[in-house]
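Here's the structure, in structure tokens; my notes come after.
Both backbone and side-chain heavy atoms feed into the values below; hydrogens, waters and symmetry mates do not. In what follows, chains carry the letters A, B, and so on, assigned in the order in which the sequence lines appear, proteins first and then strands, with residues in each chain numbered from 1.
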Amino acid sequence: MTTRDIYDSGFDEDDGRTIQGTCPDCEGRLRTDSGETACTVCGLVIEDRPFDFEEPSAEISDTLGRNRTGAPLTERRHDRGLSSEIGFGTDAKGNTLSAKKRRQLGRLRREHGRARWGSKAERNLGIGLSEISRMGSALELPKSLQDEACRHFRQAQDADLLTGRSIEAMASASVYAACREDGRIETIEDVAAVARVETVAITNAYNVMNRELGLAVRPRNPAAFVPRLCSELGLELCVERRARALAKRATAEGVGIGCQPVGVAAGCLAIVIEDDGIAVTQSDLAGVAGVSIETIRARRDQLREELDR
DNA sequence: ACGATTATTGCGTTCTT
DNA sequence: AAGAAAACAATAATCGT
């Protein structure tokens, strides 16, 4: 047992969410798992990202069956989407207004803008949520995941976790937490690349959030890394599928516990590549995986040894 | 034979507890 | 501060042309 057993120790096969529909190939059940929708029986990949339940499920059930007008309520707005603006030079019918009227409206607009932020906390919330949206778009995360990040931010603020930390750091941590909880492969570095704060601040905020909020984060699952590695190397789907299967078997049998998940994924891919005599060098693999050649060799040999390959 | 790739091994470094 | 893992560097062994 090592100090890094935290990696990969509790992988659960039924982690993915089962969704409606059946596989066109074999009529098997479909489920979304680590950023893609695939058949549970034959492994056929239907979508490369989870279904986006943006509307109407992202709306808070505010209407209770009543009719409602206006934009849908959403987690991503600090006031859940209830906002109004005061226009500029024209009235409701589009007519130009007099200079006096415009000055009146200007004052009104200014006061209205101030009134929108009822308190400091509400202002922080607004900034945080808009930052989450910005980073979420930059990382091309599904809207449902962005909503989850926003919920985390709200919880963090309610738990008074923001004092002493920057809004941006906590917003970034919320994004990362949502990714981790969904079993995605984004790293803190990935989030930091689109954030306006340093990595250390995000790490700190995330650790606090994880501890205080008790996030449902599982250890990273090597199989989740395989699709990205394969697409970056331009490998065929059948190769990807076999590498994924191998990675799943490895986690199921506890091989590679305590090792970097990417390394395990790369090791699985290395085995498939070698078996097929595919023209991809170890350094190519190491390049896209972001680990050294030695690590890939070590995982590959370990997998061969302990999985009889 | 030659260059490229892979293997092997020792060792300072980095990360986690 | 200690222990494990990953990275690095030097060197040998294969492989393809």
Side-chain angles (χ1 to χ4, degrees), chain A residues 1-11 161 165 169 172-173 175-177 179-181 183-193 195 197-230 232-236 239 242-243 246-309:
Chain A
M1 287 297 128
T2 70
T3 56
R4 301 179 70 175
D5 283 346
I6 188 172
Y7 283 145
D8 302 349
S9 48
F11 177 65
L161 265 41
R165 276 173 278 273
S172 309
V175 171
Y176 177 65
C179 290
R180 285 301 304 272
E181 284 195 323
R184 296 178 63 99
I185 62 175
E186 278 82 1
T187 64
I188 288 188
E189 293 296 331
D190 291 334
V191 179
V197 288
E198 298 298 308
T199 306
V200 281
I202 303 176
T203 307
N204 177 33
Y206 173 73
N207 287 336
V208 171
M209 181 181 274
N210 195 12
R211 177 157 25 89
E212 302 296 324
L213 263 44
L215 300 176
V217 288
R218 305 179 143 282
R220 279 210 172 84
N221 158 215
F225 289 87
V226 174
R228 200 197 71 205
L229 297 181
C230 287
E232 286 195 39
L233 290 167
L235 296 172
E236 295 173 21
V239 175
R242 278 190 292 151
L246 194 55
K248 284 197 168 188
R249 195 154 81 83
T251 24
E253 301 191 22
V255 179
I257 287 176
C259 304
Q260 288 185 50
V262 241
V264 177
C268 292
L269 200 48
I271 291 176
V272 176
I273 286 172
E274 280 185 41
D275 286 354
D276 281 23
I278 297 167
V280 173
T281 66
Q282 293 176 350
S283 55
D284 289 339
L285 197 46
V288 297
V291 297
S292 74
I293 296 178
E294 291 84 353
T295 301
I296 293 177
R297 280 202 270 264
R299 292 303 137 257
R300 180 201 58 191
D301 295 343
Q302 184 186 358
L303 288 158
R304 283 206 176 119
E305 174 85 14
E306 299 177 26
L307 251 46
D308 298 322
R309 281 295 299 257

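Taking atom CD1 of A:I296 as the reference point, atom P of B:dT5 lies 14 Å away to the nearest angstrom. Rounded to whole angstrom, the span from the CG atom of A:D284 across to the P atom of B:dA4 amounts to 14 Å. Atom C1' of nucleotide B:dT8 and atom CD of A:Q302 are separated by 18 Å, given to the nearest angstrom. In this entry the distance linking CD1 of A:I293 with P of B:dT5 reads 10 Å, nearest Å. When rounded to the nearest whole Å, the span between CG of A:L285 and P of B:dT6 equals 10 Å. If you take CD of A:Q260 and P of C:dA4, they are 17 Å apart, rounded to a whole angstrom.
The A:E294 side chain lies nearest to C:dA9 when the options are B:dT6, C:dA9, C:dA6. Nearest nucleotide to the side chain of A:Q282, out of C:dA6, B:dA7, B:dT9: B:dA7. Among the nucleotides C:dA7, B:dA7, B:dT5, the one closest to any side-chain atom of A:T281 is B:dT5. Nearest nucleotide to the side chain of A:S292, out of C:dA6, B:dT6, C:dA7: C:dA7.
Note on A:T295: a side-chain N or O is less than 4.0 Å away from OP1 or OP2 of C:dA7. At C:dA6, one or more side-chain N or O atoms of A:R299 fall inside 4.0 Å of OP1 or OP2 (strictly under the cut-off). Regarding contacts with the backbone of C:dC8, every side-chain N or O of A:R297 stays at 4.0 angstrom or more from both OP1 and OP2.
Closest approach of A:A243 to A:C268, counting heavy atoms only: O-CB, 3.8 Å.
The line from CZ of A:R300 to CD1 of A:I273 is 11.0 Å long, rounded to the nearest 0.5 Å.
More than 12 heavy-atom neighbours from other residues, nucleotides or ligands sit within 6.0 angstrom of CD on A:E253.
A salt bridge does not link A:D275 to A:R242: none of the charged side-chain nitrogens sits closer than 4.0 Å to a carboxylate oxygen.
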